[in-house]
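Worksheet: one structure, shown below.
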Amino acid sequence: MLLSKLFGKTQREIPAEADTVSHRLLLKSGMIRQLAAGIYTYLPLAWRVIGKIEAIVRDEMNKAGGQELSMPVLQPIELWQKTGRDLAFGKGLFTLYDRKERQLAMGPTHEEVITELVSYNVQSYRDLPLLLYQIQTKFRDEPRPRGGLIRVREFIMKDLYSFDADDEGLAQSYDKMLNAYRNLYARCCLPAILIEADSGAIGGKDSHEFMVISESGEDEFIYCDGCKYAANVEKATSVKDKAESKQPLPAEEVATPGYQSIGEVSNFLGVPARQTLKAVFYIADKELVFIAIRGDIEVNETKLKNLLHCTELRMAGEDEIRAAGIVAGSASPVGLKDIKIVADESVTSGTNFVAGANKADTHLKNVNYNRDFKANIVADIALARAGEVCPRCGGRLLSAQGIEIGHIFKLGTFLSEKLGAYYIDASGISRPIVMGCYGIGIGRLMAAIVELNHDDKGIIWPMSVAPYLVYLCPLYTENDEVVKAAENLYAELEKLGLEVLFDDRTESPGIKFNDADLLGIPLRVTVSPRTLEKGSVELKLRTEKNTELVPLDAAVEKIKKLVSDTQADSQFT
RNA sequence: CGGGGUGUGGCGCAGUCGGCUAGCGCGCAGCGUUUGGGACGCUGAGGUCGGAGGUUCAAGUCCUCUCACCCCGACCA
């Protein structure tokens, strides 16, 4: 490809709104352009990268036994109503009306469509297992797109759906995908970390995410160096410092004039925060819920939401709390009636807590669970934090910020039951098909690769996904010798099928080198009067600092070797 | 949805107390001189100042409404 003909220009300056590394570099290199919030055009260079990532993903899916197909973007809303997931997605669903006033959803994912399809095509256990996948554009009206390609509203996604006769079959399919994912990330030079995850709106039981550590990521996960434990904060559990466990003392009121927050109250009374109980109020699908949790622990809203089986959960406003007759600042589960109380496990294991008294400027000392109050539900709704103790091995937990580059789910049978996807087993009994689904955001993957492979000069594409492998860079293009040598090289490399970006522009060396670095093409080949004087060309890998002079007649061989060597390397990173 | 911010050529920005023809840098086009890490000179093209309404002799500048985008939060496979 001649650079002079390539559509898309590198930018000297970039829009101020770009704040993540990948967003900046993809804009500066002229590879993407934003059309609206979370909606991007991929220019030719980016599209080549996308194509290469897709090819790797496709290859791994096929190797695992997947069959590719394509499904509609436009999906009747009734299909979503059947599974109830129109509510789970809520406003995240892009919808529109056709001329007959029928409502359609722009597919945010395709479990409904594929399950409907499979229900039609599968009747017998002999038809199972089945792995079907698609690589398509999906739509989600995210409340806040961000980070360039990290979180968008229109995105290319690979989704594979597995269909098995039973849980054991599902476990096998799940393992196959786990394996395929590991391979594919390795091929893309991404050090992906497998973590336990919450399954969110999609439902189901087991779920894992693949994360890549990056400050541009929007997920936090907790992990342990001692063992393999790693989980999204939404899901993570931890062992907290113990509260005291002594003989319960008689409860007594104490005056706490003007002290409301846990910090203030524990300070004033000289009691550690873990010996206090705090009250937090949520509105779960319009119902006010009282949360009792130890003062030093935060509520994990994901756990709470799952526990309450609600679709909408938010913190209650002060007026809503007051309307329920509760004294904000001194709220207490003690003596409370007619309000659902959810207690974190932490409140049941300690003794003699300080809690509110439901009376202004007053708290209660020596409050004990069971004796002084009871909860409707007791469960783990605590947020795990770095520094706490690992639930598996007793080590110290750490936390990291990351980009979610893959999410896999054991769905089970709830979708097949709702959509009538049943099969007849060997003994002639009708059973629901057991499902799994396995997603990867292709564009986000590209952004993640940039996040993890760059320097202050620009992108450093791994050979496996680079838009071109060789950046052919003649200097002093008014020099006929240079042009001739470069054109010969170009022809020979093209003949070998190597993808070459030929910088045929009459620009100064500085501009050419800087563009080469910015675009991140793995191998730069410089031809100039200086190199030709020695009958050579200069080779430089984007990953390396130093350059190497190679005789003209050996150049093609050497380039070929460098390209295939690094490509092979990258598969095992 | 709550909080904060920004909208002026393709990109980055300036524009005072309302004042006359809306500027600068980059990029773009032409010519010439240059050239191993973003050269220089000259010439030139390119603008509904986000939009609507208002105040005024006069609005990029003031007022009202509105739209878009960004950041934090909520939210989010």
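Here is the naming used below: chain letters follow the sequence lines, and residue numbers restart at 1 for every chain. When reading the values below, keep in mind they use all heavy atoms of this one structure, side chains included, and skip hydrogens, waters and symmetry mates.
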Pair A:Lys235 + A:Asp198, salt bridge at N-O below 4.0 Å = no
remark   = Rounded to whole Å, CD of A:Glu142 lies from P of B:rC72 at a distance of 15 Å
request  = With P as the reference atom in both, quote the distance from B:rG38 to B:rU33 in angstrom, rounded to an integer.
outcome  = 22 Å
request  = Mark up nucleotides 23-41 of chain B, 5' to 3', with B wherever a protein heavy atom is under 4.0 angstrom from a base atom, S wherever such an atom reaches only the sugar-phosphate, and - elsewhere.
outcome  = --BSS-------BBBBS--
B:rU8 and B:rG54, which share atom name P, separated by this distance in whole Å = 24 Å
request  = Select base, sugar-phosphate, or nothing to describe what A:Leu313 touches, counting heavy atoms under 4.0 Å on all strands.
outcome  = sugar-phosphate
task = Specify the separation, in whole Å, of atom CE of A:Met315 and atom P of B:rG2.
result = 19 Å
message = Could you tell me the Watson-Crick or G-U partner of B:rU6, where both distances fall under 3.5 Å? Say none if there is no partner.
response = B:rA68
request  = Provide, to the nearest angstrom, the distance between the CZ atom belonging to A:Arg146 and the P atom belonging to B:rC69.
outcome  = 15 Å
note = Taken to the nearest whole Å, CD/A:Glu298 to C1'/B:rG73 is 15 Å
task = Would you kindly give the CD1-to-C1' distance between A:Ile283 and B:rA74, to the nearest whole Å?
result = 15 Å
Distance between P atoms of B:rU61 and B:rG50 (Å, rounded) = 8 Å
query = If we take the C1' atom in both B:rC49 and B:rG9, what is their distance in whole Å?
reply = 10 Å
query = If we only count heavy atoms from C-beta on, is the A:Ile283 to A:Leu313 side-chain gap below 4.5 Å?
reply = no
inquiry  = Please report the distance separating the C1' of B:rU21 from the corresponding atom of B:rU34, rounded so that it comes out in whole Å.
reply    = 36 Å
query = Expressed as a whole number of Å, how far does the P atom of B:rU16 sit from that of B:rG53?
reply = 24 Å
B:rC70 versus B:rG12 - spacing of their P atoms, nearest Å = 13 Å
query = Please give, in whole Å, the distance from B:rC76 C1' to A:Asn300 CG?
reply = 15 Å
request  = Report the distance from atom CD1 of A:Ile150 to atom C1' of B:rC71, rounded to the nearest whole Å.
outcome  = 16 Å
query = At under 4.0 Å between heavy atoms, what does A:Lys305 touch on the DNA or RNA strands: base, sugar-phosphate, or nothing?
reply = sugar-phosphate
Scan nucleotides 43-51 of chain B against the protein and return all N/O pairs shorter than 3.5 Å with their distances rounded to 0.1 Å.
none

query = Hey, which of A:Arg58, A:Met61, A:Lys158 is the one that makes side chain to side chain contact (heavy atoms under 4.5 Å, CB included) with A:Glu68?
reply = A:Arg58
key: Nucleotide forming a Watson-Crick or wobble pair with B:rG36, both distances under 3.5 Å   = none
query = So which of A:Ile405, A:Leu160, A:Leu184 actually passes side chain to side chain contact (heavy atoms under 4.5 Å, CB included) with A:Ile440?
reply = A:Leu184
inquiry  = Any non-hydrogen side-chain atom of A:Leu539 less than 4.5 Å from a side-chain atom of A:Lys558?
reply    = yes
request  = Any strand is fair game: report the nucleotide pairing with B:rG47 by Watson-Crick or G-U wobble, both distances under 3.5 Å, or none.
outcome  = none
inquiry  = Need one value for A:Gly147: base, sugar-phosphate or nothing, where a base atom within 4.0 Å counts as base even if backbone is also close, heavy atoms only.
reply    = sugar-phosphate
query = Which nucleotide, in any strand shown, forms a Watson-Crick or G-U wobble pair with B:rU61, with both distances under 3.5 Å?
reply = none
key: Nucleotide forming a Watson-Crick or wobble pair with B:rG27, both distances under 3.5 Å   = none
note = Nearest-nucleotide check on RNA chain B, A:Asp159 vs A:Arg33; residue mapping nearer the 5' end is A:Arg33
query = Do A:Tyr181 and A:Glu60 pass the side-chain hydrogen bond (donor to acceptor under 3.5 Å, both in side chains) test, and can you show the C-alpha distance, the side-chain angles, and the key distance before you say yes or no?
reply = CA-CA 8 Å; A:Tyr181 273 42; A:Glu60 292 297 334; over 6 Å; no
task = Tell which nucleotide pairs with B:rC1, taking only Watson-Crick or G-U wobble pairs whose two distances are both under 3.5 angstrom.
result = B:rG73
key: Ion pair check, A:Asp517 and A:Lys457, cut-off under 4.0 Å   = no
message = If I take atom CD1 in residue A:Ile14 and atom P in nucleotide B:rC70, what distance separates them, rounded to the nearest angstrom?
response = 15 Å
query = Taking for each residue the nucleotide of RNA chain B bearing the nearest heavy atom, is the 5' side occupied by A:Arg314 or by A:Ala37?
reply = A:Ala37
key: Aromatic centroids of A:His208 and A:Phe210 separated by under 6.0 Å   = no
Pair A:Glu298 + A:Lys278: basic N to acidic O under 4.0 Å = yes
ask   = Say you pick atom P in B:rC40 and the same atom in B:rG27; how far apart are they, in whole Å?
value = 9 Å
ask   = Are any non-hydrogen side-chain atoms of A:Phe221 and A:Val233 less than 4.5 angstrom apart?
value = no
request  = Would you state whether a donor and an acceptor, one from the side chain of A:Arg144 and one from the base of B:rC75, lie under 3.5 Å apart?
outcome  = no
Salt bridge (Lys or Arg N to Asp or Glu O under 4.0 Å) partners of residues 433-451 of chain A, not counting sequence neighbours, each pair once = A:Glu218-A:Arg444
query = Looking only at atom types and distance, does a side-chain atom of A:Tyr438 sit under 3.5 Å from a main-chain N or O of A:Tyr133, one as donor and one as acceptor?
reply = no
